[in-house]
**Q** 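This is the structure I want to talk about, given as structure tokens.
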Amino acid sequence: MAPSNNRRPGFSRRAQYGVFATYVFAVAGTLVGAILLALSYFDPNTFGAARTAIAEVSAPVSSVLAFVGRSVGSVPTGLSSYIAVHDQNAVLRKQIADERAITMRARAINYENRRLKGLLALRERVGVPVTTARLVSSTAASTRRFATLNAGAWQGVEHGQPVLGPEGLIGQVLESGPNTARVLLLTDPESSVPVRRTRDGLPALAQGRGDGLVDIRSVSNAAATFAPGEVFVTSGAGGIYPPNIPVARVLRHGRDIVLAETAVRPSTLDFALVQRAYLPALAPAPTPTPVPTPKAKKP
């Protein structure tokens with residue numbers, strides 16, 4: 001039969017030591033209490049001095065215990081404050097994200113409005129266009145630079161017609177299908193546009209490079225110098241492109257031939273205007289000067 005677990009303390013030396021220590025502390029505490037009680041009754045001055053000494057010794061321990069108590073007591077308050085601040089931060093972050101989305105939509109709408117206003121201003125400046133179409137694609141990595149319009153012959157688009165954007169010239173129609181048209185961009189190597197400098201009317205040609213930029217080539221007999229920021233517009237020479245449409249802006253200093261960027265980036269456009277080919281007005285024929293008839297002499 002297994003021995004019982006409910007053994008008396010007498011059977012364990014450790015339990016005996018524990019019981020003995022408890023008795024000792026109880027007796028010692030009783031004696032100390034009795035001594036202090038008697039001291040306070042028979043000699044109050046000595047009892048006060050002892051009490052002060054004990055207070056001096058126990059003050060640091062009491063301070064530490066009080067600090068620990070306050071710290072432990074502030075844990076629930078700190079946790080609740082952290083949870084409240086965390087929830088408030090989450091609400092504020094969501095509010096900021098919503099406001100950022102609203103701001104981005106407002107900027108997109110504002111940008112679209114400015115583009116449409118630019119198209120309206122361009123339409124008023126160049127006259128009634130053939131059509132307004134959307135640029136559905138454009139090449140950006142090939143040496144040949146084309147764009148596609150979602151309008152074609154059924155909308156009146158024909159080969160050779162200039163294509164304009166809000167900021168300036170895009171190119172000219174190269175091919176026209178029933179509902180689509182292929183546009184030769186200014187940056188294509190086969191594109192060449194007669195231009196003039198807005199500052200002094202210097203004639204030049206804007207020649208595509210196939211890398212997204214154009215070369216401005218002076219056609220003046222005199223040596224020409226170029227400075228960054230100079231703007232070139234269509235001159236209207238030779239027809240096709242109407243005059244005074246922004247074409248390019250010079251990027252660096254140069255002579256005779258200089259690098260420039262186009263005024264319009266087709267990859268950022270949504271809509272474009274297709275204009276009829278420009279025909280410069282013919283100069284009136286000079287009126288012949290009448291030759292006076294000599295009078296006959298009388299005999």
Side-chain angles (χ1 to χ4, degrees), residues 118-119 121-127 129 135 138-147 159-174 182-269 272-286:
L119 281 176
L122 179 64
R123 179 170 180 168
E124 294 176 356
R125 186 168 69 248
V126 301
L135 280 170
S138 62
T139 56
S142 173
T143 55
R144 300 304 306 272
R145 299 302 173 102
F146 303 103
H159 170 75
Q161 291 176 338
V163 181
L164 314 177
E167 293 85 8
L169 185 64
I170 298 175
Q172 72 175 123
V173 177
L174 186 65
R182 199 178 191 194
V183 179
L184 181 70
L185 300 179
L186 292 178
T187 53
D188 188 87
E190 298 297 325
S191 173
S192 181
V193 180
V195 295
R196 65 175 181 85
R197 187 161 56 187
T198 56
R199 177 168 59 86
D200 55 4
L202 176 74
L205 285 177
Q207 181 72 44
R209 295 167 48 93
D211 59 356
L213 300 174
V214 296
D215 285 329
I216 302 295
R217 302 173 181 268
S218 173
V219 295
S220 176
N221 293 328
T225 58
F226 301 97
E230 291 182 337
V231 177
F232 283 79
V233 298
T234 53
S235 63
I240 300 180
Y241 302 105
N244 302 322
I245 303 299
V247 175
R249 182 181 292 104
V250 176
L251 293 178
R252 62 187 63 171
H253 291 280
R255 296 176 61 88
D256 295 332
I257 301 176
V258 69
L259 194 65
E261 63 177 355
T262 57
V264 178
R265 294 182 179 179
S267 59
T268 63
L269 292 179
L273 296 180
V274 180
Q275 190 72 17
R276 298 188 185 280
Y278 172 72
L279 296 176
L282 298 177

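Because the structure is predicted, anything quoted here is derived from the model rather than measured. In what follows, residues are counted from 1 in the order of the sequence shown.
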**Q** List the residues meeting side chain to side chain contact (heavy atoms under 4.5 Å, CB included) with Ala260, not counting sequence neighbours, and say none if there are none.
**A**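 Val214, Ile216, Ala248.
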**Q** If you count heavy atoms of other groups shown closer than 6.0 angstrom to CZ of Arg276, is the number above 12?
**A**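 Not buried by this count: 12 neighbours or fewer within 6.0 Å.
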**Q** Tell me, yes or no, whether the heavy-atom count around Arg252 atom CZ, taken from other residues, nucleotides or ligands under 6.0 Å, exceeds 12.
**A**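 Counting neighbours around CZ of Arg252, 12 or fewer heavy atoms of other residues, nucleotides or ligands fall under 6.0 Å, so no.
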**Q** State, to 0.1 Å, how close Leu202 and Ser220 come at their nearest heavy-atom pair, and which atoms those are.
**A**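 Closest heavy-atom pair between Leu202 and Ser220: CD1-CB, 3.7 Å.
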**Q** Among all residues two or more places apart in sequence or in another chain, which pass the side chain to side chain contact (heavy atoms under 4.5 Å, CB included) test with Arg249?
**A**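 Once residues adjacent in sequence are excluded, the partners of Arg249 under the side chain to side chain contact (heavy atoms under 4.5 Å, CB included) criterion are Val231, Glu261.
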**Q** Would you check if the side chain of Gln207 reaches a backbone N or O of Ser191 as a donor-acceptor pair within less than 3.5 Å?
**A**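 Here the side-chain-to-backbone pair exists.
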**Q** Please, which pairs that meet ring-ring contact (aromatic ring centres under 6.0 Å, His included) have at least one residue in residues 185-234, sequence neighbours excluded?
**A**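 Output for this query lists Phe226-Phe232.
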**Q** Check the pair Val233 / Ile245 against side chain to side chain contact (heavy atoms under 4.5 Å, CB included), numbers first and verdict last.
**A** CA-CA 5 Å; Val233 298; Ile245 303 299; 5.9 Å; no
**Q** For Pro162 and Ile240, which heavy atoms make the closest approach, and how far apart are they?
**A**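 That would be CG-O, 3.3 Å.
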**Q** Which atom pair, heavy atoms only, marks the closest approach of Ser218 to Ala204?
**A**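 Heavy-atom minimum between the residues: CA-CB, 4.1 Å.
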**Q** Arg196: what forms a salt bridge (charged side-chain N to carboxylate O under 4.0 Å, His left out) with it, not counting sequence neighbours?
**A**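 Listed in chain order: nothing, the list is empty.
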**Q** I need the single residue from Leu184, Val183, Thr187, Leu186 that forms a side-chain contact (heavy atoms from CB on, under 4.5 Å) with Arg145. Which is it?
**A**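 Only one of Leu184, Val183, Thr187, Leu186 forms a side-chain contact (heavy atoms from CB on, under 4.5 Å) with Arg145, namely Thr187.
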**Q** Please enumerate all residues that pass salt bridge (charged side-chain N to carboxylate O under 4.0 Å, His left out) together with Arg197, with sequence neighbours excluded.
**A**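 Partners of Arg197 under the salt bridge (charged side-chain N to carboxylate O under 4.0 Å, His left out) test: Asp200, Glu230.
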**Q** Pro129 and Gln275: which non-hydrogen atoms are nearest, and at how many Å?
**A**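 Smallest heavy-atom distance, with atoms named: CA-OE1, 3.6 Å.
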**Q** Asp256: what forms a side-chain hydrogen bond (donor to acceptor under 3.5 Å, both in side chains) with it, not counting sequence neighbours?
**A**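 Residues passing side-chain hydrogen bond (donor to acceptor under 3.5 Å, both in side chains) with Asp256: none at all.
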**Q** Taking ring-ring contact (aromatic ring centres under 6.0 Å, His included) as the cut-off, I'd like each qualifying pair that reaches into residues 240-268, sequence neighbours left out, listed once.
**A**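 Counting only pairs at least two positions apart or across chains, no ring-ring contact (aromatic ring centres under 6.0 Å, His included) contact touches residues 240-268.
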**Q** With sequence neighbours excluded, what pairs up with Val264 under the side chain to side chain contact (heavy atoms under 4.5 Å, CB included) test?
**A**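 Per chain and number, Val264 pairs via side chain to side chain contact (heavy atoms under 4.5 Å, CB included) with Glu167, Ile170, Leu269.
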**Q** Rounded to the nearest 0.5 Å, what separates atom CG in Leu259 from atom CG in Leu251?
**A**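 Nearest 0.5 Å value for the CG-CG distance: 5.0 Å.
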**Q** I'd like to know if the side chain of Asp188 and the backbone of Glu190 have a donor-acceptor N/O pair within less than 3.5 Å.
**A**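 A pair under 3.5 Å: yes.
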**Q** Listed by chain and number, what are the side chain to side chain contact (heavy atoms under 4.5 Å, CB included) partners of Leu205, not counting sequence neighbours?
**A**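 Leu205: side chain to side chain contact (heavy atoms under 4.5 Å, CB included) contacts with Ser192, Pro194, Val219.
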**Q** How close do Leu174 and His159 get, counting heavy atoms only, and between which atoms?
**A**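 It is O-ND1, 2.8 Å.
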